[in-house]
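Predicted, not measured: the structure shown is a model, and the values here were computed from it. One-based numbering, in listed order, for ligands and for the atoms of each.
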Amino acid sequence: MQNYHPKKIFIETTAREYPLTRQILDYYSEIPVEEIKNPRQLVHQILQQPDPITYGKQFLLISRQKARFLKKCPGTRNYICCGYKILNTANNCHLDCTYCILQGYFNNPLMVVYVNIEELFTELREQFAQHPNKFYRIGTGELTDSLILEPVTQYGEKLVHFFKDYSNAIIELKTKSVNIDNLLGLKHNRRTVISWSLNSDLIQQQEEALSPSIDERLAAAKKCQAAGYWLGFHFDPIIYYENWEADYFKTVEKIFSVIDGKNIAWISLGALRYPPSLDGIIRQRHPESPIVYGEFISGKDQKLRYFKPIRIQVFKKMVEWIRDFDPSVFVYLCMESSEVWKKAFGWTPEKMSTLSRLLDERVQPPAFKRG
Ligand code: SF4
């Protein structure tokens, strides 16, 4: 995997004086820098390019988060979500997986890092203090890959350090990268889950070609296990193809050949799904990818999904394999209906609050008392 190397860095004037800005500029000392008052015009210019998504990733925007950092995960209507909170520290990702939902998500195609991290910590401190009996399961990997810029920003390191002091919160750093070396020696009190997005080897090579291999990701997970972290794994998106069964089984087998189930906070499963607007973007940007040529239906949230019997078959197999290796590992479905849960798993959490509580309980310290 190549580390991110922008062609040019833009700094919003209001982000100029933050220590993290200085740190990023020191790291990229050879790269031209331009200060701008407002990125609106720059974004407008990039959006005029024939492929603004590819073009925009070449530029890093150092910005100040002006909205709240912590938000509810938008989830999806009519399906069971997991009650996650998103911490918006950066936007976009240069790994460019063919199916990446972010391709259709942002009006701003630049890579963005928010440098006002002290304001982020103030916001979290206040939030946690106001609700000491509420448990916060938070992740940074929804609008970017959590560790993709770790060598540059050490955002993950700063978050591990911050969260170690809170018994009513946990941070999940979700990644496809292997940028974990600076996290290994840190004191973390098991208040951080380091998670990897996994797939079959074939899908990794075909659809995630700029990312580390599955073996490399699991080798990084093994190091984090030795450092005492909680681990998470996300099979999302699972892609259905002729030989999916043998290939995905191999990845499940690989996990349990190097990871002890008692260190796994959770494994999630989610089948390929995307808004119709992404279909044209994938066909245009990744014409070699076969993933959009499967048969799909429009779900209750209008996203294109595999037919229900296929989703049930895939989830059923996956959970059986995982349970055969270790029945104590908590497996959940990302954005699925109660019916699919029941048919694939034999039970359903019915509603978001139940799934949310079960996930919280996996990682709550014994002393935590829910209000
Ligand atoms: S690693 Fe994640 S965020 Fe980055 S391109 Fe792939 S799917 Fe998108």
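For ligand 1 and Lys176, the ligand atoms under 4.0 Å from any heavy atom of the residue are 1 (S), 2 (Fe), 6 (Fe), 7 (S). Close approach of ligand 1 to Asp96 (heavy-atom distance below 4.0 Å) involves ligand atoms 5 (S). The contact set between ligand 1 and Leu102, taken as ligand atoms under 4.0 Å from a residue heavy atom, comprises 3 (S).
Using cut-offs of 30° and 60° on the angle between ring planes, the pair Phe128 and Phe162 is tilted. Trp341 and Phe345 have perpendicular rings, their planes meeting at more than 60° on a 0 to 90° scale where under 30° would count as parallel. Between Tyr241 and Tyr248, the ring planes lie tilted relative to each other; the angle falls in the 30° to 60° range.
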Apply the test salt bridge (Lys or Arg N to Asp or Glu O under 4.0 Å) to residues Asp96 and Arg285: give CA-CA distance (whole Å), side-chain angles for both, the deciding distance (0.1 Å), then the verdict.
-> CA-CA 10 Å; Asp96 213 24; Arg285 297 196 64 240; 3.0 Å; yes
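Of all protein heavy atoms, the one lying nearest to atom 8 (Fe) of ligand 1 is Cys100 SG, 2.3 Å. Looking at atom 6 (Fe) of ligand 1, its nearest protein heavy atom turns out to be Cys97 SG, 2.3 Å.
Expressed to the nearest 0.5 Å, how far CD1 of Ile194 lies from CG of Leu147 amounts to 7.0 Å.
Backbone or side-chain N, O or S atoms of Cys93 reach atom 4 (Fe) of ligand 1 at under 2.8 Å.
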